[in-house]
Amino acid sequence: MNFKKLGETDLNVSRIGIGTWAMGGRWQWGWGRQQDSDSIETIHQALTQGVNWLDTAPVYGLGHSEEVVGKALSDIPASERPMVFTKCGFNWNGQGDVTPSLTARSIREEIEASLKRLCVETIDLYQIHWPNPESELEEAWATLSELKQEGKIRYAGVSNFSVEQMQRISPIMPIDSLQPNYSLIHRDVETHVLPYCDMHDMGVLAYSPMGSGLLTGKMTRTRIEALPEDDWRREAPAFNEPQLSVNLAIVQVLEGISSNYGVSCAAAAIAWTFAHPALSAAIVGMRTPDQVQALVTAGSLQLKDEDIEALNLASMEPAASEGE
Ligand SMILES: NC(=O)c1ccc[n+]([C@@H]2O[C@H](COP(=O)([O-])OP(=O)(O)OC[C@H]3O[C@@H](n4cnc5c(N)ncnc54)[C@H](OP(=O)(O)O)[C@@H]3O)[C@@H](O)[C@H]2O)c1
């Protein structure tokens with residue numbers, strides 16, 4: 001497993017981290033059935049293979065993903081625990097209706113609930129999940145600055161922010177990291193966002209590096225048709241025409257390249273993201289222990305320039321870079 005310093009922080013992160021969205025189980029943006037025992041074993045398995053951090057959020061499963069992470073961590077001696085990254089920015093009611101909020105009061109309530117669910121005293125990286133409501137960005141960032149001074153969080157980052165939004169808040173406190181959607185099927189951040197992060201020595205954690213499963217080589221048309229009703233991917237544009245054909249064509253190129261290295265298609269898709277100089281690491285979603293091995297090989301995989309170029313070309317078809 002290779003490691004990289006996260007921007008100007010003192011966090012030395014493994015090149016892949018554990019993504020825990022699907023571990024939240026069933027909710028509005030769930031991934032169908034997910035067993036907690038599988039989630040916990042998956043986390044333990046990935047840590048054994050050298051991964052040293054995980055990413056979660058209160059909203060994943062309306063608190064459930066953080067609870068599962070808390071349970072997984074409680075089985076591990078404190079000295080061997082991974083770094084824990086989580087987020088703020090969404091509230092929900094008893095009916096499961098989710099609303100965005102970035103007020104100081106809301107964030108302070110959220111962090112106390114997260115610390116409790118995660119069973120930790122400090123969060124290593126606390127991120128604003130989405131820049132929404134946009135009018136509350138300065139208030140939110142000033143609150144994260146206070147939380148840092150109070151020692152509740154070690155570092156503060158943002159997710160899904162544009163350059164303009166980062167420019168707005170950075171005078172309040174420098175931004176430690178950005179979490180953007182970045183993969184062979186989502187390359188739009190290459191134009192402005194990643195160069196901005198590179199120029200400002202920010203850490204960058206790419207999310208959905210395998211396009212939420214599309215680039216693993218295991219996602220066929222037949223499997224998409226059979227996805228459970230409560231798997232959000234069923235309705236996602238990337239998993240439906242006209243984008244699906246473009247995306248599956250990229251997978252074909254990935255399959256050819258990954259076989260030359262003797263690695264999974266998933267690992268090659270993740271390793272492609274590392275070719276961008278701004279990238280610190282990738283957040284890789286995993287659901288079952290048997291998925292881990294095929295993913296962690298990406299942590300030490302370096303693709304040849306000619307293969308990166310072939311993948312760049314394959315992913316430049318017009319529909320491939322359109323956001324969802
Ligand atoms: N900040 C944000 O707004 C934001 C948004 C999205 C994600 N994230 C973070 O980024 C993480 C990763 O993103 P993601 O989960 O959307 O997508 P991803 O990492 O691109 O794909 C994850 C999915 O790929 C499939 N998979 C995993 N290993 C596999 C293997 N070995 N073989 C075949 N399929 C495999 C699994 O789903 P199946 O087995 O069901 O196919 C898994 O859930 C999330 O968990 C979350 O922590 C953040």
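Just follow the structure's listing: the first ligand is 1, and inside any ligand the first atom is 1.
Going from atom OG of Ser114 over to atom CD1 of Ile107 covers 11.0 Å, rounded to the nearest 0.5 Å.
Contact atoms of ligand 1 toward His129: 1 (N), 2 (C), 3 (O) (distance under 4.0 Å to a heavy atom of the residue). Set against the non-hydrogen atoms of Ala294, the atoms of ligand 1 under 4.0 Å away are 31 (N). Each of the following atoms of ligand 1 lies closer than 4.0 Å to a heavy atom of Gln179: 1 (N), 2 (C), 4 (C), 8 (N), 9 (C), 48 (C). Which parts of ligand 1 touch Thr216 is read off a 4.0 Å heavy-atom cut-off, strictly below it: atoms 33 (C), 34 (N), 35 (C). Each of the atoms 41 (O) of ligand 1 lies under 4.0 Å from some heavy atom of Met219. Residue contact check: Arg223 has heavy atoms under 4.0 Å from atoms 38 (P), 39 (O), 40 (O), 41 (O) of ligand 1. Within ligand 1, counting atoms from 1 as listed, the ones closer than 4.0 Å to a heavy atom of Val284 are 19 (O). Of all the atoms in ligand 1, the ones that sit under 4.0 Å from a non-hydrogen atom of Lys87 are 1 (N).
Taking a cutoff of 4.0 Å between a charged side-chain nitrogen and a carboxylate oxygen, Asp176 and Arg154 do not qualify as a salt bridge. A salt bridge does not link Lys71 to Glu67: none of the charged side-chain nitrogens sits closer than 4.0 Å to a carboxylate oxygen. Using a cutoff of 4.0 Å between basic side-chain nitrogens and carboxylate oxygens, Lys87 and Glu110 are not scored as salt-bridged.
Residue, atom and distance of the protein heavy atom nearest to atom 42 (C) of ligand 1 are Gly285 O, 3.5 Å. Protein heavy atom closest to atom 12 (C) of ligand 1, with residue, atom name and distance, is Ile283 O, 3.2 Å. Scanning all protein heavy atoms for the shortest distance to atom 2 (C) of ligand 1 gives Tyr207 CE2, 3.2 Å. The closest protein non-hydrogen atom to atom 24 (O) of ligand 1 is Gly213 CA, 3.4 Å. Counting only heavy atoms of the protein, atom 14 (P) of ligand 1 lies nearest to Ser208 OG, 3.6 Å. Annotation: atom 46 (C) of ligand 1 to nearest protein heavy atom, Tyr60 OH, 3.4 Å. Of the protein's heavy atoms, Trp21 CB, 3.7 Å lies nearest to atom 44 (C) of ligand 1.
Judged by distance alone, the side chain of Asn240 and the main-chain N or O of Ala236 form a donor-acceptor pair under 3.5 Å. A side-chain donor-acceptor contact under 3.5 Å links Glu241 to the backbone of Ser245. In this structure, the side chain of Arg117 does not engage the main chain of Pro58 through any donor-acceptor pair within 3.5 Å. Under the 3.5 Å distance criterion, the side-chain polar atoms of Thr216 are matched with a main-chain donor or acceptor of Gly213.
Side-chain rings of His186 and Tyr207 stay apart, their centers remaining 6.0 Å or farther from each other. A centroid separation of less than 6.0 Å is found between the aromatic rings of Tyr196 and His200.
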Please lay out, stage by stage, how Asp38 and Thr288 fare under the test side chain to side chain donor-acceptor pair (under 3.5 Å).
CA-CA 5 Å; Asp38 276 341; Thr288 52; over 6 Å; no
Criterion side chain to side chain contact (heavy atoms under 4.5 Å, CB included) on Leu205 and Leu125, from CA distance to verdict
CA-CA 11 Å; Leu205 302 171; Leu125 178 70; 3.8 Å; yes
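A parallel orientation is assigned to the rings of Trp21 and Tyr60, their planes being inclined by less than 30° (bins at 30° and 60°). Using bins of under 30°, 30° to 60° and over 60° for the plane-to-plane angle, the ring pair Phe85/Trp53 lands in the parallel bin.
Atom 39 (O) of ligand 1 has its nearest heavy-atom neighbour, among Gln34, Gln291, Met210, in Gln291. If you check each of Asn160, Ile270, Asp55 against atom 47 (O) of ligand 1, the one with the closest non-hydrogen atom is Asp55.
Nearest approach of Ile123 to Val120, heavy atoms of both residues: CG1-CG2, 4.4 Å.
The neighbour count for Lys5 NZ, taken as heavy atoms of other residues, nucleotides or ligands under 6.0 Å away, is above 12.
At least one cation-pi condition fails for Lys148 and Tyr126: the charged atom is not both under 6.0 angstrom from the six-membered ring centre and inside a 45 degree cone around its axis.
Looking at ligand 1, you'll find an N or O of Ser159 within less than 3.5 Å of one of its N or O atoms. Of the polar atoms of Trp31, none of the N or O atoms is found under 3.5 Å from an N or O of ligand 1, judged by distance alone. At a 3.5 angstrom cut-off on N or O pairs, Trp232 does not count as close to ligand 1. For a threshold of 3.5 Å applied to N or O pairs, the pair formed by Ala22 and ligand 1 contains no separation below that value. In terms of polar-atom proximity, defined here as any N/O pair under 3.5 Å, Asp231 makes no such contact with ligand 1.
By the criterion of a heavy-atom distance under 4.0 Å, both the backbone and the side chain of Ser212 are placed next to ligand 1. Contact annotation: for Leu295 versus ligand 1, heavy atoms closer than 4.0 Å belong to the side chain alone. When heavy-atom distances to ligand 1 are checked against a 4.0 Å cut-off, Leu215 has no atom that comes that close, whether in backbone or side chain. Of the heavy atoms in Arg233, only side-chain atoms (C-beta onward) come closer than 4.0 Å to ligand 1. Within the 4.0 Å heavy-atom criterion, both parts of Pro209, backbone and side chain, lie near ligand 1. If you look at Lys218 next to ligand 1, the close heavy atoms, those under 4.0 Å, all belong to the side chain.
Assignment of Gly211 to the shell around ligand 1 is supported, since a heavy atom sits closer than 4.0 Å.
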